[in-house]
Amino acid sequence: MHTRVRSTEPMSPQRHDVDPGAVAHHRGAVDTDDVAELAERLHSADADERSGAAWRLVEAAGTEPTAVRAHLEAIVARADDEDVWVRRGVTWVIAELAERQPDALSMKFSELVALTDADDELVRQNGAVAVAGVTKRYPERATAGLSTLASLTHDADPLLARYAEDAVAEVAAEIAARAEDAGYPMLVRTTAEYAALLPDDLTVVTTDDSEDGPPDPVSVSFGADAPVAVDAADRGDESAPPGHPPAEVPDAPSVGVSQADLTPGLELRETVLTTDFRATITDDTLEHGLVTLRRLNAATANGTDSRVVEAFQRALKRWAAVDEYPHIERVLGTGDTWVATRYDGAETLARRGPPATLSEAQWVVDRVTRAVSYAHARGVVHGGLHPGAVRFVETSVGAWDAPVVADWGFAHAASGHHSPPIPAGFAAPEHHDPASYGRFDQSTDVFGLGALAYFLVTGVSPRGGDGVVPAAQQNPALPERVDSLFERSLATSKQARFETVLDFQAAFDECVADLPGAWPA
């Protein structure tokens, strides 16, 4: 258990000396304390007026943080002002808000990290304070936030370096406590140098700093996410194993759904391309029926980008051409800007996380790979495999739920307005830069299957930075030979990847065949 008492007060770093006379001079350049007016004066052509407004907002951030956060866009926009006193003032405001109302800055985390590279020491320190404040509140920022703070322990400014050392320990403890309260124990992978900065009660895996080490100085994951190898001897009663493959995948409803049949209700999730809804359909079509309705997001559906709409329509046609395969989600109806499928409650692999055992993980990889291979044989490429595109269908009691692959062609359609069009941890180089690495094709699906398989057997995405942490390092139950499998399937160059998805499948099966409890038994 984490015994550290969680502080209710923000960390209070020792700040760089700021000449009170200079601050008073700048504050005197404006004659108001009204927050809205001060925010407006940040746009002034007069640098003195901008700096005066910034430093008056520093005081307001401590006493009226809610009023100040209403003008956050204007404040953040001046963080690269040409005047150093403006930069110092607005970044101090940002640091104050990050400590008091970190939710206001969660979506601007990359800008906070960028402040830590500033030339001015005070701006850099303000950036570090802001990074620490947001990271403490949001565990999903743990890897980026702790890595940024850890790197600052080498800063040439000794005051900032000392603050960063203290912040690494305090932020890590706060995140671990939050994670433990939620039932997700925290695992940290880092080098011995940074491990020494972390609280003693954290679970830390110490790595070296070679090219095979973690892509970030501090890599954080949560929960016992990695599947385990289950030996028959560990199962107790062998008549009740921990699940088994289903005999078949339940058929989707044999209906054709029109827009008139649909009544959208609960919003299930939003992606870069669509918003998913639980929708009811008329009893004449399907008695007491529910479907999952995916609709193009409003900005696209209203015709602001006809190319995206056209790409979406092409994607639906290709999806419908292969949806008779059991592990491909069945299309029940389509329109210009929507598609209806079997109701699944947005129960995706991303939401579920990886299975509990490697045998089930191997089976899911096998089913998804076969679905993709079936589509490739018919000239259909998915182009954007990731955990959010794999959904599950309930099967018989005691059997594993069956994966079905959805969202065929959606990544291509989304690439017209979002890069990468799928979560970055699963994106191939061509998702980031198609001009350099080529279009989405069958090799992109080889990469996607490798990324999915990595997630299924380790519990984390393959790419948290510039490289891939060896899978056997992420999950000790895996043999080291799997690392070469992922090195090839996740290669930057398409030519270096497996030629087909079946080649990947054969290599994967060979890697995990002799694990205890491997499927098929």
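Just so it is clear, the structure is predicted and the values come from calculations on it, not from any experiment. Sequential numbering from 1 along the given sequence is applied to the chain's residues.
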A.B. asks: Give a yes or no on whether a salt bridge exists between Arg269 and Asp407, defined as a side-chain N under 4.0 angstrom from a carboxylate O.
C.D. replies: yes
A.B. asks: Who passes ring pair (Phe, Tyr, Trp, His ring centres under 6.0 Å) against Phe410, sequence neighbours left out?
C.D. replies: Phe312, Trp319
A.B. asks: What pairs of donor and acceptor atoms, side-chain ones from residues 340-348 against any protein atom, are under 3.5 angstrom apart with sequence neighbours left out?
C.D. replies:
from   : atom 1 : to     : atom 2 : distance (Å)
Thr341 : OG1    : Arg294 : NH1    : 2.7
Arg342 : NH1    : Pro250 : O      : 2.7
Arg342 : NH1    : Asp251 : O      : 3.4
Asp344 : OD1    : Thr292 : OG1    : 3.3
Asp344 : OD1    : Ala346 : N      : 2.8
Asp344 : OD1    : Arg391 : NH1    : 2.9
Asp344 : OD2    : Arg391 : NH1    : 3.2
Glu347 : OE2    : Arg352 : NE     : 3.1
Thr348 : OG1    : Ala350 : N      : 3.4
Thr348 : OG1    : Arg351 : N      : 3.1

A.B. asks: Return the set of residues passing salt bridge (Lys or Arg N to Asp or Glu O under 4.0 Å) with Glu73 (not counting sequence neighbours), or none when no residue passes.
C.D. replies: Lys108
A.B. asks: For the backbone of Glu40 and the side chain of His43, can you confirm whether one donor and one acceptor N or O come within less than 3.5 Å of each other?
C.D. replies: no
A.B. asks: Check whether Thr135 reaches the backbone of Ala132 with its side chain - one donor and one acceptor, N or O, closer than 3.5 Å.
C.D. replies: no
A.B. asks: Look only at the side chain of Arg87 and the backbone of Asp81, and say whether a donor-acceptor pair between them is shorter than 3.5 Å.
C.D. replies: yes
A.B. asks: Between the side chains of Thr274 and Thr271, does any donor sit under 3.5 Å from an acceptor?
C.D. replies: yes
A.B. asks: Only pairs at least two apart or in different chains count here, so list each ring-ring contact (aromatic ring centres under 6.0 Å, His included) that has a residue in residues 364-394.
C.D. replies: Tyr325-Tyr374, His382-Trp408
A.B. asks: Taking salt bridge (Lys or Arg N to Asp or Glu O under 4.0 Å) as the test, write out the residues that go with Arg295, two or more places apart.
C.D. replies: none
A.B. asks: Which residues pass the salt bridge (Lys or Arg N to Asp or Glu O under 4.0 Å) test with Arg124, sequence neighbours left out?
C.D. replies: Asp155
A.B. asks: For Asp503, what residues pass the salt bridge (Lys or Arg N to Asp or Glu O under 4.0 Å) criterion, not counting sequence neighbours?
C.D. replies: none
A.B. asks: If the condition is side chain to side chain contact (heavy atoms under 4.5 Å, CB included), which residues does Ala70 pass it with, not counting sequence neighbours?
C.D. replies: none
A.B. asks: For Ser258, which residues count as a side chain to side chain contact (heavy atoms under 4.5 Å, CB included) partner, sequence neighbours excluded?
C.D. replies: Ala260, Asp261
A.B. asks: Tabulate below the donor-acceptor pairs under 3.5 Å that side-chain atoms of residues 433-440 make, not counting sequence neighbours, or state none.
C.D. replies:
from   : atom 1 : to     : atom 2 : distance (Å)
Asp433 : OD1    : Ser436 : N      : 3.4
Asp433 : OD1    : Ser436 : OG     : 3.4
Asp433 : OD2    : Ser436 : OG     : 2.6

A.B. asks: Is there a donor-acceptor contact under 3.5 Å from the side chain of Thr369 to the main chain of Gln505?
C.D. replies: no
A.B. asks: Name all residues meeting the side chain to side chain contact (heavy atoms under 4.5 Å, CB included) criterion together with Ala491; count only those two or more places apart in sequence or in a different chain, and write none if there are none.
C.D. replies: Ala496, Arg497
A.B. asks: Checking Ala130 now: which residues fulfil side chain to side chain contact (heavy atoms under 4.5 Å, CB included) with it, not counting sequence neighbours?
C.D. replies: Ile94, Ala98, Leu112
A.B. asks: What I want to check is whether the side chains of Thr66 and Gln101 have a donor and an acceptor closer together than 3.5 Å.
C.D. replies: yes
A.B. asks: Has the side chain of Asp445 got a donor or acceptor atom that lies under 3.5 Å from a matching backbone atom of Gly383?
C.D. replies: yes
A.B. asks: So does Val457 get a backbone contact from the side chain of Asn475, meaning a donor-acceptor N/O pair under 3.5 Å?
C.D. replies: yes
